[in-house]
Number of protein chains: 2
Amino acid sequence: MNIGQASAASDVSAKMIRYYESIGLIPKAGRTEAGYRVYTTTDVNTLRFIRRARDLGLAIERIGLLVGLWRDRERSSAEVKRIAEAHVAELEARILELTAMRDTLRELADACRGDHRPDCPILRDLEGGGRRPGRRRIDLRQCASAPAAQPDAVGKLTG
Amino acid sequence: MNIGQASAASDVSAKMIRYYESIGLIPKAGRTEAGYRVYTTTDVNTLRFIRRARDLGLAIERIGLLVGLWRDRERSSAEVKRIAEAHVAELEARILELTAMRDTLRELADACRGDHRPDCPILRDLEGGGRRPGRRRIDLRQCASAPAAQPDAVGKLTG
DNA sequence: CCTTGACCTTCCCACGATGGAAAACCCCAT
DNA sequence: ATGGGGTTTTCCATCGTGGGAAGGTCAAGG
């Protein structure tokens with residue numbers, strides 16, 4: 001099987017197959033005399049495995065670990081589970097971030113009349129940096145550990 | 001004010017300030033005789049605006065539009081709102097994707113005993129690509145146009 | 001005046017995962 | 001044998017950010 005056929009069989013683009021090989025995620029494929037890469041059904045199964053894992057959002061590095069465990073008959077399922085749960089935790093963290101962004105922006109958009117007039121709470125918020133009371137901020141620790149950005153400095157700046 | 005002070009005051013790294021200038025998101029800063037960039041409080045306000053917008057996950061291009069509207073007294077809030085809502089829609093789409101991934105992986109992890117034994121539903125799922133009934137798949141069109149990766153092959157592999 | 005250290009400048013490289021494109025080569029069918 | 005389509009490598013781009021090198025500048029202190 002050449003790379004095009006392996007690609008069609010695994011739903012991984014030829015480009016990505018070569019890339020995975022170049023970074024060592026999959027072993028170097030055999031070659032024909034003319035230099036064409038040659039794949040077996042085993043290789044295709046590995047590629048399908050990788051494709052599934054990518055669909056679940058796993059990073060390449062983590063997929064490498066999983067492929068290793070997959071091939072290892074002595075593996076403990078605990079190791080696999082640990083990797084999966086690490087990824088679940090990362091997904092949840094990301095989901096929380098995005099949800100916070102969405103909520104803030106949703107609130108602002110809802111508060112904006114969206115008419116022909118220039119007045120707009122969205123721009124006011126971006127401009128003001130959320131220093132008005134009662135406004136929930138995503139994360140505001142910029143001033144901490146920023147040696148020159150104390151409120152005074154801002155005051156001096158704006159004055 | 002030089003770039004370091006502007007950076008501290010806006011909480012945007014000097015590196016990023018130069019980058020924003022290079023891509024035209026902010027105008028080219030004035031220079032001292034020695035070539036140092038010079039910033040005003042107005043510039044710092046723009047940088048703070050950009051920082052806030054980045055914190056909300058807006059792409060640079062979209063931020064450019066917002067900065068333009070921000071400066072435009074003749075803007076209509078409808079335009080601003082449209083941009084915000086486009087971003088909310090993208091955030092929600094991304095959240096749905098990540099949530100689907102998390103749910104699938106969560107299910108699999110919950111079904112995995114996580115002990116010393118090698119048996120693991122997570123690996124079975126990645127391997128099988130969800131051909132077992134009752135398992136929800138994110139997207140499954142791999143099998144169409146896949147001439148060489150029959151279930152038999154999987155059987156050969158694991159056997 | 002000279003040194004020192006902190007700052008600034010430009011330019012290049014890297015990330016992660018993917019796509020695009022060019023130039024050359026190969027294979028199969030007509 | 002020729003043409004069209006597959007394959008090879010290599011380089012470039014994305015997006016936003018960081019790191020670092022090599023060199024100029026500035027301010028403070030000897």
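Keep in mind that what you see is a predicted model, and the values were worked out from it rather than measured. Throughout, protein chains are lettered first and strands after them, A, B, ... in sequence-line order, and every chain is numbered starting at 1.
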Query raised in the report: Which sits closer to the 5' end of DNA chain C, B/Ala14 or A/Lys15, going by the nucleotide each is nearest to?
Result: B/Ala14
Requested in this report: Mind grabbing the angle between the end helix axes of the helix from C/dC1-D/dG30 to C/dT30-D/dA1? Five pairs an end, 10° rounding.
Outcome: 40°
Report task. Go through the side-chain N and O atoms of A/Asp43 and A/Thr40 and say whether any donor and acceptor fall under 3.5 Å apart. Result -> yes
Query - A/Ile3 CD1 to D/dG6 P, straight-line distance once rounded to whole Å - result: 13 Å
**Report entry** Basic-acidic side-chain contact under 4.0 Å: B/Glu21, B/Arg18
**Finding:** no
Query raised in the report: Whole Å only: how far is the CD atom of B/Glu61 from the P atom of D/dT14?
Result: 12 Å
Query raised in the report: Between D/dT8 and A/Arg18, is there an OP1 or OP2 to side-chain N/O distance shorter than 4.0 Å?
Result: yes
Report task. Could you verify whether a donor N or O on one side chain and an acceptor N or O on the other, from A/Asp115 and B/Ser77, lie under 3.5 Å apart? Result -> yes
Query raised in the report: CG of A/Leu25 versus C1' of C/dT18: gap in Å, rounded?
Result: 15 Å
Query raised in the report: Is the distance from OP1 or OP2 of D/dG18 to the nearest side-chain N or O of B/Tyr19 less than 4.0 Å?
Result: no
Requested in this report: Take A/Asp11 and A/Arg48, measure what salt bridge (charged side-chain N to carboxylate O under 4.0 Å, His left out) needs, and give me the verdict at the end.
Outcome: CA-CA 7 Å; A/Asp11 205 27; A/Arg48 290 168 66 84; over 6 Å; no
Query raised in the report: Please give, in whole Å, the distance from D/dT17 C1' to B/Met16 CE?
Result: 4 Å
Query raised in the report: Atom CD1 of A/Ile17 to atom P of C/dA17: distance rounded to whole Å?
Result: 16 Å
**Report entry** Out of C/dC27, C/dC7, D/dC26, whichever nucleotide has its closest atom nearest the side chain of B/Asn2
**Finding:** C/dC7
Requested in this report: Select from A/Ser13 and A/Tyr36 the residue whose nearest nucleotide in DNA chain C is closer to the 5' end of that strand.
Outcome: A/Ser13
Query raised in the report: Would you say a side-chain N or O of B/Arg51 is under 4.0 Å from OP1 or OP2 of D/dT17?
Result: no
**Report entry** B/Tyr39 OH to C/dC7 C1', straight-line distance once rounded to whole Å
**Finding:** 14 Å
Report task. Using whole Å, report how far CD of A/Glu21 lies from P of D/dT10. Result -> 12 Å
Requested in this report: Please determine if a side-chain N or O atom of B/Arg31 lies less than 4.0 Å away from the OP1 or OP2 oxygen of C/dC8.
Outcome: no
Requested in this report: Heavy atoms only: give me the nearest A/Trp70-A/Thr46 pair and the separation to one decimal.
Outcome: CZ3-CA, 3.7 Å
Query raised in the report: Rounding to a whole Å, what distance do you find between A/Glu33:CD and D/dT7:C1'?
Result: 16 Å
Query raised in the report: Short question: side chain of A/Arg75, backbone of A/Leu69 - any donor-acceptor pair under 3.5 Å?
Result: yes
Query - Stepwise side chain to side chain contact (heavy atoms under 4.5 Å, CB included) test for A/Leu47 and A/Ile26 - result: CA-CA 8 Å; A/Leu47 288 170; A/Ile26 56 178; 4.2 Å; yes
Requested in this report: Compare side-chain N and O positions of B/Arg37 against OP1 and OP2 of C/dT9 and report whether any pair is under 4.0 Å apart.
Outcome: yes
